[in-house]
Amino acid sequence: MKFQAVRGFKDWLPEEFIRYHYLIEVARKHLRRANFKEIKLPILEKTELFVRSIGEVTDIVQKETYSFQDRNQEWLTLRPEATAGICRMFIEQGLHVRPKPIKIFTIGPMFRHERPQKGRLREFYQIDVEFFGNLSPYHEVELLELALTILNDPFQGREVEKNPFILEINSLGCPECRPTYRSYLVEALSGAKEDLCKTCQDRLLRNPLRILDCKEPLCRETVGALKPISDFWCNTCRAHFEAIRELLELRRLPYVVNPLLVRGLDYYVRTIFEIKGEGLGAQDTVCAGGRYDYLLRELGGPDIPATGFAIGLERWALVVYQKNEDLGRHLEKTLNPELFFIPLGEEARRKGLKLVKDLRDSGYQVEALYEERSLKALMREADKSGAKLALILGSEELEKEAILVKDLKTGTQKVISLSQLKNFIEEVLRSENIS
RNA sequence: GAGGUCGUAGCUCAACGGUAGAGCACCGGGCUGUGGCCCCGGGAGUUGCGGGUUCGAGUCCCGUCGACCUCCCCA
């Protein structure tokens, strides 16, 4: 094979594409109902934007971005996530003058140079949802429920063992109280450096909160002996977190408090969360997000609090179609034509051009072959196409101003006058067979 | 970025270091106004790529590219 796709970049064939497309439409439906408005962002931004927003010392910025200099020697980066770009747009377009809250979402590819594995590609799709303008826990819980509603939509009304998604929440504190916890961590762990893995010894200096998230058994043990972050929350943060828990319980949304949950992006404060999917292996976070109240200001914009989340489309799809194969099969079938037009002879082909166009204008999925082949061969094509009905137009039918309609599943067929064709098709497709 | 498993026809996979094969799919015919089933035939490959060892390499060795799994990271 001469050319291969770039590592971590995948082709989406029709059968696969429709599965993603369906989920995107599901997400759009729920987001529109909640009055989120869709936008489109550039795929490239200036490198500096991501350094400033995501954080200079984060892994994403340090070793996972696709960054390069363009022909003008300007440093550009393929977006590794959407929030930074949305904030840039928010400031640049002056969205703060719009009625609040400002609720926007965007769907598109993100790029991270990581080693690919299941559920982790270098180009991957995110459904990114952002909410600007209110500090209320009500809005936060509403947002959490929205995320769960979207994720669970494909499981509604089907016999699937309950909810395949688990919500984990935590609070990182705010600029008031987080530094206290941070210094406690540094102090407590500096004395016990040998009880940390190598990367964590490094993190101690650069990004101590990430140590909480380390999977090394040694670090887990060390971290387990520490005081939890909740001991350091200020009164505001504590009350905020309690309010969120209360509202989650009011809504009967199952959740787990994970005091070790942290994020890989620096801009988060206070509430953060992850939603994990079953059966995904190591890359099991399907959706994640949290508050970033100070990001706009840090980027030179207005002082408006914000919160948001992103759903990993491919990971979501893995959970959905692994647990619901019928849905995938059903979607594949919608790719098949409803009608398959088979003209026999030159006159039929000439007449068919308009007939097919009319049927398509009426909304049917129509395939047509204009080749001079045997009826047998054309029927074989019709069969393989998965079409529901074959429409055969030959000299016999032309004489009578009619057409032969054959149900490819049952094999029954009927000659219908051309004037009655649409009515007949409509009836047959509704009742699923020719009676 | 590190470790492991693996790359053979469009797909799924065979082939002790000794002539690269099967099933499915594809194309044609049996069957020129009727598809699915059946029968017959056909096309298909620089064995991911590049080196090396060997009389001889799909097979062994090295490198490289890619997939998957784990670490890491994250959606």
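Note on naming: letters A, B, ... go to the chains in the order of the sequence lines (proteins, then strands), and numbering restarts at 1 for each one.
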Say we look at [N] and [M]: how far apart would their [atom1] atoms be, to the nearest angstrom?
N      : M      : atom1 : value
C27(B) : G63(B) : P     : 44 Å
A20(B) : A15(B) : C1'   : 7 Å
A14(B) : G48(B) : P     : 14 Å
G50(B) : C65(B) : P     : 15 Å
A44(B) : A22(B) : P     : 13 Å
U59(B) : C6(B)  : P     : 14 Å
U47(B) : G7(B)  : C1'   : 9 Å
U12(B) : G58(B) : P     : 22 Å

Return no unless some side-chain N or O of Gln413(A) is found under 4.0 Å from OP1 or OP2 of U34(B). no
It should be established whether Lys376(A) places a side-chain nitrogen or oxygen under 4.0 Å from OP1 or OP2 of nucleotide U34(B). no
If you look at every strand shown and take non-hydrogen atoms under 4.0 Å, does [X] touch a base, only sugar-phosphate, or nothing?
X         : value
Glu81(A)  : nothing
Ala288(A) : sugar-phosphate
Arg373(A) : sugar-phosphate
Gly8(A)   : sugar-phosphate
Leu404(A) : base
Glu397(A) : base
Leu151(A) : nothing

What integer distance in Å separates [X]:[atom1] from [N]:[atom2]?
X         : N      : atom1 : atom2 : answer
His113(A) : G66(B) : NE2   : C1'   : 13 Å
Arg380(A) : G35(B) : CZ    : P     : 8 Å
Arg7(A)   : C68(B) : CZ    : C1'   : 11 Å
Glu314(A) : C74(B) : CD    : P     : 18 Å
Ile392(A) : U34(B) : CD1   : C1'   : 6 Å
Leu209(A) : C74(B) : CG    : C1'   : 17 Å
Phe9(A)   : C65(B) : CZ    : C1'   : 16 Å
Phe124(A) : A75(B) : CZ    : C1'   : 6 Å

Side chain of [X], heavy atoms from C-beta onward: which of [options] has the nearest atom to it?
X         : options                : result
Arg210(A) : A2(B), C74(B), A75(B)  : C74(B)
Lys63(A)  : C72(B), G33(B), C27(B) : C72(B)
Arg112(A) : A2(B), G33(B), C74(B)  : C74(B)
Leu344(A) : G4(B), G33(B), C74(B)  : G33(B)
Lys118(A) : A75(B), C68(B), G35(B) : C68(B)
Met379(A) : C27(B), G33(B), U34(B) : U34(B)
Arg315(A) : C74(B), G1(B), U34(B)  : C74(B)

Quick one: on RNA chain B, does Gly289(A) or Pro116(A) contact a more 5' nucleotide (nearest heavy atom)? Pro116(A)
Taking any strand in view, what nucleotide pairs with [N] in a Watson-Crick or G-U wobble way, both distances under 3.5 Å?
N      : value
U34(B) : none
C6(B)  : G66(B)
G23(B) : C11(B)
U47(B) : none
G1(B)  : C71(B)

Cation-aromatic face contact Arg19(A)/Tyr321(A), 6.0 Å, 45 degrees: yes
Does NZ or CZ of Lys103(A) lie under 6.0 Å from the centre of the six-membered ring of Phe131(A), at an angle within 45° of the ring axis? no
Using distance alone, with no hydrogens and no angle criterion, decide if [X] and [Y] have a side-chain donor and acceptor under 3.5 Å apart.
X         : Y         : result
Ser362(A) : Lys422(A) : yes
Thr83(A)  : Glu130(A) : yes
Tyr66(A)  : Arg112(A) : no

Note: Glu25(A)-Arg28(A) ion pair, threshold 4.0 Å (strictly below): yes
Aromatic-base stack, Trp316(A) on A75(B), cutoff 5.5 Å, angle under 30: no
Can you classify the ring geometry of Trp12(A) versus Tyr20(A) as parallel (below 30°), tilted (30 to 60°) or perpendicular (above 60°)? tilted
So for Arg120(A) and C72(B), does any side-chain atom that can act as donor or acceptor lie under 3.5 Å from a complementary atom in the base? yes
In terms of heavy-atom contacts, does CZ of Arg360(A) have more than 12 from other residues, nucleotides or ligands at under 6.0 Å? yes
